Protein chains: 2
Amino acid sequence: MTQTPLSPRKPDAREKLLASALRLIRTKGYTATTVDDLCKDAGVTKGAFFHHFRSKDDLAVASARHWSQITSALFAAAPYHLPQDPLDRVLGYLDFRKDLVRGEVAEYTCHVGTMVQDVHLSAPEIRDACHDSIFGHAQTLEADMEAAANDRGITLPGGAASLALHTQAVLQGAFVLAKASGDAEIVRDSIDHLIRYIRQIYQSPHVEGGDMS
Amino acid sequence: MTQTPLSPRKPDAREKLLASALRLIRTKGYTATTVDDLCKDAGVTKGAFFHHFRSKDDLAVASARHWSQITSALFAAAPYHLPQDPLDRVLGYLDFRKDLVRGEVAEYTCHVGTMVQDVHLSAPEIRDACHDSIFGHAQTLEADMEAAANDRGITLPGGAASLALHTQAVLQGAFVLAKASGDAEIVRDSIDHLIRYIRQIYQSPHVEGGDMS
DNA sequence: ATGATAATACCGACTAGTTGGTATGTTGTA
DNA sequence: TACAACATACCAACTAGTCGGTATTATCAT
């Protein structure tokens with residue numbers, strides 16, 4: 001009946017476990033999320049878990065890569081890439097990040113940012129997978145930041161890569177404060193500060209289009 | 001020597017356990033740090049642990065308050081309070097934070113920032129203790145930020161409290177990226193971005209036309 | 001088509017070790 | 001003797017991971 005012609009197998013349990021991993025680990029943290037928790041949430045058995053993953057750590061690495069795929073697809077399809085001016089694309093990205101801050105804390109915080117705190121010393125493989133996810137995402141901002149600087153004949157303080165990483169630091173840190181206070185508004189406020197900083201760097205006081213309402 | 005007259009004895013094990021908690025939890029995370037780990041590191045037995053703390057969560061709350069005391073003493077004694085200009089005190093604080101970023105990741109990252117990610121939903125008491133530590137520290141910056149704004153006749157975008165929290169967000173987020181990459185330089189770079197932002201806020205003579213209320 | 005063969009996907013009881021926590025001491029001091 | 005400050009032995013629940021087994025599907029010679 002429902003048979004995908006391209007993939008001969010349908011590893012249903014694997015996808016359900018990865019989806020549960022994103023939800024549970026973001027809520028409880030990696031160490032506090034047990035294999036049984038994941039199996040119960042995904043509606044599969046332990047046999048299925050260890051059929052698809054050699055260990056809990058193996059699932060963590062896979063979940064980090066899965067997170068990268070989910071998020072890169074989300075951002076690639078987002079409308080902030082449309083403006084001609086690369087600076088507007090950068091500012092559009094930050095507005096888009098603000099729009100994503102809705103609902104419960106676990107719904108808008110970062111899976112790999114949460115996980116890497118738990119395992120950055122004990123599990124280097126997971127840490128590296130988280131690193132690749134965060135830093136890979138930051139790289140997608142570099143080109144626009146660099147192009148906007150070239151358009152205006154300015155040099156970015158610290159370089160485009162440093163500014164791109166700074167945006168991720170602001171987001172990750174704002175998530176920490178949101179977890180401490182339960183208040184999502186803190187995230188939006190910090191992004192607003194970042195938007196002002198970037199506007200001032202490029203010395204572009206005007207606003208294109210109807211954002212920031 | 002130093003004997004408190006109010007307490008009949010000095011609870012040596014309690015202080016050793018709290019010191020171990022700061023070191024171990026910053027390294028491994030709260031959930032991954034076991035009671036046995038703490039006892040072994042502190043050189044005490046489990047009996048001593050549960051004599052001084054009702055539960056592991058009780059120690060976590062105590063460790064968050066202990067962290068607040070340690071850090072508030074550190075910052076209160078720091079030389080950045082000396083300048084006459086409150087803006088110089090704010091910038092001196094950020095330079096001081098940069099100087100603290102030395103050695104291993106666990107040596108300069110934030111105990112309560114690490115812990116709150118682990119427990120923000122499962123243990124509200126610990127979360128609140130972490131919240132008080134972070135937001136209380138942020139409050140110590142507010143007065144100088146506000147005074148510096150009044151001296152210059154400007155209005156801070158979002159208010160002094162928001163700017164103070166933003167500094168903490170930048171620091172916490174930079175710690176996350178440092179854990180992911182093992183590179184302390186990332187923290188100093190993000191603080192440099194924050195210093196530029198704050199300098200620009202206070203240097204701009206005009207009222208920012210704009211976004212916030 | 002059909003049946004044999006083999007590979008994958010999944011099940012759930014089981015285990016060896018770990019977990020936070022307790023019960024019952026012992027020791028030093030006032 | 002009274003009490004705080006420990007120490008030792010222990011436990012029930014939980015942990016990641018194992019293992020023999022089954023159901024479903026793919027491959028392929030006939």
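Quick note on labels: first sequence line is chain A, next is B, and so on, each numbered from 1. Please read all numbers here as calculations on a predicted model, not as lab measurements.
- Annotation: salt bridge (Lys or Arg N to Asp or Glu O under 4.0 Å) contacts of B:Asp118 (sequence neighbours excluded): none.
- End-to-end axis angle of the helix from C:dA1-D:dT30 to C:dA30-D:dT1, from C1' rotation axes over five pairs per end: 10° (rounded to 10 degrees).
- Taking atom CD of residue B:Glu15 and atom C1' of nucleotide D:dC6, one finds them 15 Å apart after rounding to whole Å.
- Applying the salt bridge (charged side-chain N to carboxylate O under 4.0 Å, His left out) test to pairs two or more places apart or on separate chains, those with a residue in residues 34-46 of chain B are B:Arg23-B:Asp41, B:Lys28-B:Asp37, B:Asp36-B:Lys46.
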Output side-chain donor-acceptor pairs under 3.5 Å for residues 173-182 of chain A, partner residues at least two apart or in another chain, one line each.
| unit_1 | atom_1 | unit_2 | atom_2 | d |
| --- | --- | --- | --- | --- |
| A:Lys179 | NZ | A:Thr114 | OG1 | 2.9 |
| A:Lys179 | NZ | B:Gln117 | OE1 | 2.5 |
| A:Ser181 | OG | A:Leu177 | O | 2.9 |
| A:Ser181 | OG | A:Asp183 | N | 3.2 |

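- Remark: B:His52 is not in phosphate contact with D:dA5, judged by side-chain N or O atoms under 4.0 Å from OP1 or OP2.
- Listed candidates were D:dA5, D:dA7, C:dG21. Nearest to the side chain of B:Ala48 is D:dA7.
- Under the rule for a salt bridge (Lys or Arg N to Asp or Glu O under 4.0 Å), the partners of B:Asp192 that lie at least two apart in sequence or sit in another chain are B:Lys98.
- At whole-Å resolution of the value, OH in A:Tyr30 and C1' in D:dT15 are 12 Å apart.
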Would you give me the side-chain donor-acceptor pairs under 3.5 Å for residues 121-137 of chain A, sequence neighbours excluded?
| unit_1 | atom_1 | unit_2 | atom_2 | d |
| --- | --- | --- | --- | --- |
| A:Ser133 | OG | A:Ser68 | OG | 2.9 |
| A:His137 | NE2 | A:Tyr93 | OH | 2.8 |

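- In the set D:dC6, C:dA9, D:dA16, D:dA16 carries the atom at the smallest distance from any side-chain atom of A:Phe50.
- In this structure, of C:dG21, D:dA7, C:dC11, it is C:dC11 that holds the atom nearest to the side chain of A:Thr45.
- The interatomic distance linking A:Leu38 (CG) with D:dG17 (P) rounds to 12 Å, in whole Å.
- Put simply, CZ on A:Arg54 is 16 Å from C1' on D:dT18, counting in whole angstrom units.
- Both tests hold for A:Lys56 against A:Tyr30: distance to the six-membered ring centre under 6.0 Å, angle to the ring axis within 45°.
- Rounded to an integer number of Å, the gap from CZ of B:Phe49 to P of D:dA4 is 20 Å.
- Whole-Å rounding puts the B:His51 NE2 to C:dT27 C1' distance at 13 Å.
- Distance, B:Lys40 NZ to D:dA7 C1': 18 Å, rounded to whole Å.
- Annotation: the span from B:Arg89 atom CZ to B:Thr140 atom OG1 amounts to 12.0 Å, rounded to 0.5 Å.
- Applying the salt bridge (Lys or Arg N to Asp or Glu O under 4.0 Å) criterion to A:Arg65, with sequence neighbours excluded, gives no partner residue.
- Every residue meeting the salt bridge (Lys or Arg N to Asp or Glu O under 4.0 Å) condition with B:Asp85, not counting sequence neighbours, appears here in chain and number order: B:Arg152.
- Between A:Phe53 atom CZ and C:dC10 atom P there is a gap of 11 Å when expressed in whole angstrom units.
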Measure all distances between protein nitrogen or oxygen atoms and nitrogen or oxygen atoms of nucleotides 16-19 of chain C, and list the pairs falling under 3.5 Å.
none

